[in-house]
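Beneath this line is the structure, given in C-alpha cells, with notes to follow.
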Amino acid sequence: MSKLEMKFVNDITGNFFVPSYQRGYRWGKPEVIRLLEDVYNLVNYKEDLRGYCLQPIVVRKNFAENYFEVIDGQQRLTTLFLIYNYMHKASNGFIEKPKFSLDYETRKGSKNFLENINFNLRNDNVDFYFMAQAYENIKDWFSKKGEMSLTMPTLKNLLAKNVKIIWYEVDDSEDANAMFTRLNIGKIPLTSAELVKAMFLSSENKNMDARRQNEIALQWDNIEKELHNDSLWYFLTNNSAKKYQTRIDLILDLMAGKENTFSYFDSKRRGEDLNDIWEKIVRSFLLLKDWRENHELYHKIGYLIASGYKNLSDIYKEAQGLSKSKFSARLDKLIKASVRLEEDENYSDWNYNDNKDKEKIRRLLLLFNVESVRQNGEQSQWFPFDKYKFGGKEKNSWSLEHINAVNSQEAGTQEQWREWLSLHKSSLKNSPEENKNLLDEINKLLNLKEIKGRQFRELQEKIFKKFSPETLREESNDSIANLALLKCEDNSALGNSIFDVKRNEIIKLDMKGAFIPFCTKMIFLKYYTKSEKNQIHFWSANDRRAYLDAINKVLENFLTEKIRISEREG
C-alpha cells in the first residue's frame, strides 16, 4: 500500500537517490527564480497559508539500502537542496544545512558537488553545469532582494511553516520505471484525484481495512465511469472533458472550493474519519446525479451553467440546507436575474451589434429553448446540453445568428461569394420563371473567371430585396425578433444568407438526425406563425411578431416585462 501525506519543506529528511532511467538536473533560471518568488511572495498574503503546497514528490523506499528512490520531483528536490545549501553557507551556518542528501546514479560525484559547489568543475558534465548555474541564480536572487539578514530568515521560516510538498511514497511493489515514464516522458502529471484516491488506499489508514479500501476503490471507479456519460458531464460543466485527466476531479474540486484540492482533503482527514469523508464525496456525487434525473432541476440548473450565468460551484452552495422545493424556487430567482432588464432598458432595444447586448440575447434565447423543452407536456424531452455545447467535438456550440440576413458589409473572398451565389441560386429555383432574371445574373457571375466586389454586392442586394418584400428598417434586423441560435461559425456564406437558404440547410440537417435547438427548428419550420397566409420562403414582420409572442408566453415567469415589437420592425 502507498503512503500519502503533506510535509513542510523543512521537514524533508533522508537520503534520496535518482536512478539512471531519469535524466539529470535541468532546471534553468526561469524555473529556479519562479520557485523562489512563489515562496517569498507568500509573505504578502494575509490569508491562512497552511494550504499552500508545491507539486508532489513521488518516491519508493528501499529498505535494504535505507534510501528513497526518486520517481518524480527531482528537479524541485534538487533546487530546494541548493537553496538550503546556499543559505547555510551564506549565513555562516546560522541557517541549518539541508536535512536530506541527493545522489545520482548516472553522475558519480554529484552528491559531493551539490554539497560543495565548485565552479571550476562546472564544465565536467552537463549535470554539474546546470547545478552550478542554479546555485549562481539563487545567489543573484538573494543579492537583488537586498538585506540578506532579513531575506534569508524570512524564506527559511516560510519553508518551515507555510510551504508544503505532497509526499507520495508508493508501495515497494510499484514499477518505478513505468511510473516515471507515465509521469514524465508521457507528460501525464499526478492529478488531484489520484492523490486523494491514494490517501484513501494508503497502508497508513488505521480505521480502514483492505476490504473497505477495495469497496471504496470500486465505488470510485463507478463514479468515474458514470461521469464519462457526456449527458451528465456537460450538464454539470461547460469545460471540455479534455481539461480533466480524471472526471472525478470535478466532484473533488467542487467540495474543496477555492482551496487546493488535495490540501483540502488532507486537512479534513486530520479531524475526521476517512470513512465519513468518503461518504460525503459519495453524497455529493449522488446529489448531482439526482439533479440530472429530475426533469425540472435538470433544465433550470443546466440553463444557468450553460448560459455562463452561474457555475456548478455557485449552484452547489445555493443548494446547501434547502429542500427541493425551496431550491427550485431559488433557481427561479437566479434565472429571472440572468435576463433582468437594467434601469430604463427594453428587451426590444437589445442589439446584435452591441457585444454586451449580444450576450444578453444569446442567454435569453438559450433560456427560451431550454424552457420550451422543459414545459413541453409529458416530460419526455430533455434539452441535450452535451450536444448544444460540443456535439461530440471540441468546439461545436450554437451561436447567435440572424434568422434572415438583409445586408452585408463583409469584404468576402471569391470562394465565399461563389458559395453564397450557389446557395441562393437553389432558393431562386423554387420559382424559376418568376426569378429568371436573377438566375441569369447569378449564372453570369459564376461563369466569370473573377467576380468583382461591386458586381457581387449589387446582385446580392437585389436578392436580399427579393426575399424581404416588406419594408423593414435596417437596424430592426439586429433585434431579438430576427435572431436565433444557429450554427454558422464554420460557414460565413450560410451565416449571411436569406431565411430560405438557412431553412433548407436546417431541413437537411434535421433529415440527417443532427441536433438542432428546439426553437431554431420551430422558427425555420414556421410553427410559430399561425396565419392562413403563411409563406415559407421569407421571414416577415408577421413571423417576427409570432416569434416574440411565443417567447413572451414561454418566459412569462422570468422576463422583467414583455418583449414588445419594436417600432423598427415595421
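Just so you know, residue 1 is the first one in the sequence shown, and it goes up from there.
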Residues Leu297, Lys324; criterion side-chain contact (heavy atoms from CB on, under 4.5 Å); working and verdict: CA-CA 9 Å; Leu297 295 181; Lys324 193 168 288 187; 4.0 Å; yes
Closest non-hydrogen atom pair between Leu365 and Asn369, with its separation: O-ND2, 2.8 Å
side-chain contact (heavy atoms from CB on, under 4.5 Å) between Tyr84 and Leu159, worked out: CA-CA 10 Å; Tyr84 272 109; Leu159 291 172; 3.5 Å; yes
Check: Glu318 side chain, Leu331 main-chain N or O, donor-acceptor pair, under 3.5 Å: no
Gln133 backbone acceptor or donor facing Asn137 side chain under 3.5 Å: yes
Parallel, tilted or perpendicular: rings of Phe17 and Tyr67 (30°, 60°): tilted
Residue pair Tyr104 / Tyr25, side-chain heavy-atom distance below 4.5 Å: yes
Within 45° cone and under 6.0 Å: Arg34 NZ/CZ vs Trp27 ring: no
Reported CD-to-CD1 distance for the pair Glu224 and Ile248, which is rounded to 0.5 angstrom: 6.5 Å
Distance-only donor-acceptor check, side chains Ser143 and Asp140, under 3.5 Å: no
Distance-only polar pair, side chains of Glu401 and Ser399, donor-acceptor under 3.5 Å: yes
Minimum-distance pair of heavy atoms, taken over all atoms of Arg212 and Asn275: NE-OD1, 2.7 Å
Cation over ring face, Arg122 and Phe128, 6.0 Å, 45°: no
OG-CD1 distance between Ser313 and Ile305, expressed to the nearest 0.5 angstrom: 10.0 Å
Close side-chain approach of Asn62 and Phe68, heavy atoms under 4.5 Å: no
Expected output: side-chain Ser338 to main-chain Ile335 donor-acceptor under 3.5 Å: yes
Tyr264 atom OH: more than 12 heavy-atom contacts under 6.0 Å: yes
Pairwise side-chain contact, Arg26 with Val126, heavy-atom cut-off 4.5 Å (strictly under): yes
Residue pair Thr237 / Lys389: nearest heavy atoms and the distance that separates them: O-NZ, 3.0 Å
Thr78 side chain reached by Gln75 side chain, heavy atoms, under 4.5 Å: no
Close side-chain approach of Glu105 and Tyr21, heavy atoms under 4.5 Å: no
Plane angle bin for Phe385 and His299 - parallel if under 30°, tilted between 30 and 60°, otherwise perpendicular: tilted
Between Asp386 and Ser231, a side-chain donor and acceptor under 3.5 Å: no
Donor-acceptor contact present, side-chain Gln74 to main-chain Val70, <3.5 Å: no
Ion pair Glu5/Arg269, N-O distance below 4.0 Å: no
No-hydrogen, no-angle side-chain donor-acceptor test under 3.5 Å, Glu296 and Ser328: yes
Modelled atom types, side-chain donor and acceptor of Ser263 and Lys164, under 3.5 Å: no
Asp314/Lys317 salt bridge by N-O under 4.0 Å criterion: no
Heavy-atom neighbours of Lys225 NZ exceed 12 at 6.0 Å: no
Trace of the salt bridge (Lys or Arg N to Asp or Glu O under 4.0 Å) decision for Arg247 with Asp230: CA-CA 11 Å; Arg247 295 196 180 188; Asp230 282 347; 3.2 Å; yes
Whether over 12 other heavy atoms sit under 6.0 Å from Arg211 CZ: no
Within 45° cone of Phe558 ring axis and under 6.0 Å: Lys336 NZ or CZ: no
Spacing of Phe94 atom CZ and His88 atom NE2 [to the nearest 0.5 Å]: 12.5 Å
Verdict with supporting geometry, Val373 and Asn376, side-chain contact (heavy atoms from CB on, under 4.5 Å): CA-CA 5 Å; Val373 173; Asn376 194 23; 5.6 Å; no
Chi angles and distances behind the side-chain contact (heavy atoms from CB on, under 4.5 Å) call for Glu272, Lys280: CA-CA 11 Å; Glu272 297 182 38; Lys280 289 179 181 178; 2.9 Å; yes
From Phe235, Tyr303, Trp291, Phe383, residue fulfilling ring-ring contact (aromatic ring centres under 6.0 Å, His included) relative to Tyr298: Phe235
Derivation and outcome, side chain to side chain donor-acceptor pair (under 3.5 Å), residues Asn85 and Lys97: CA-CA 6 Å; Asn85 195 26; Lys97 62 182 180 180; over 6 Å; no
Check: Phe113 main-chain N/O paired with Asn116 side-chain donor or acceptor under 3.5 Å: no
Pairwise side-chain contact, Trp278 with Leu274, heavy-atom cut-off 4.5 Å (strictly under): no
Within-4.5 Å side-chain heavy-atom neighbours: Phe142 and Met87: yes
CG on Leu218 to CD on Gln213, rounded to 0.5 Å: 14.0 Å
Over 12 foreign heavy atoms within 6.0 Å of NZ, Lys89: yes
Heavy-atom donor-acceptor pair, Gln22 side chain to Pro19 backbone, under 3.5 Å: no
Atom pair OH (Tyr234) and OH (Tyr388), whose distance is rounded to the nearest 0.5 Å: 14.5 Å
Residue pair Lys356, Glu359: steps toward the salt bridge (Lys or Arg N to Asp or Glu O under 4.0 Å) verdict: CA-CA 5 Å; Lys356 187 177 179 181; Glu359 175 56 27; over 6 Å; no
Side-chain donor or acceptor of Lys197 paired with backbone N/O of Trp220 under 3.5 Å: no
Smallest separation among heavy atoms of Trp233 and Leu227, with atom names: CB-O, 3.6 Å
pair Phe262-Val196: side-chain heavy atoms closer than 4.5 Å: yes
Distance-minimising heavy-atom pair for Asp72 and Arg76: OD2-NH2, 4.2 Å
Straight-line distance of Met131 CE to Glu136 CD, nearest 0.5 Å: 15.5 Å
Test item: Gln219 side-chain N/O and Asn214 main-chain N/O as donor-acceptor pair under 3.5 Å: no
Where Glu226 and Leu232 come nearest, the two heavy atoms and their spacing: O-CD2, 3.6 Å
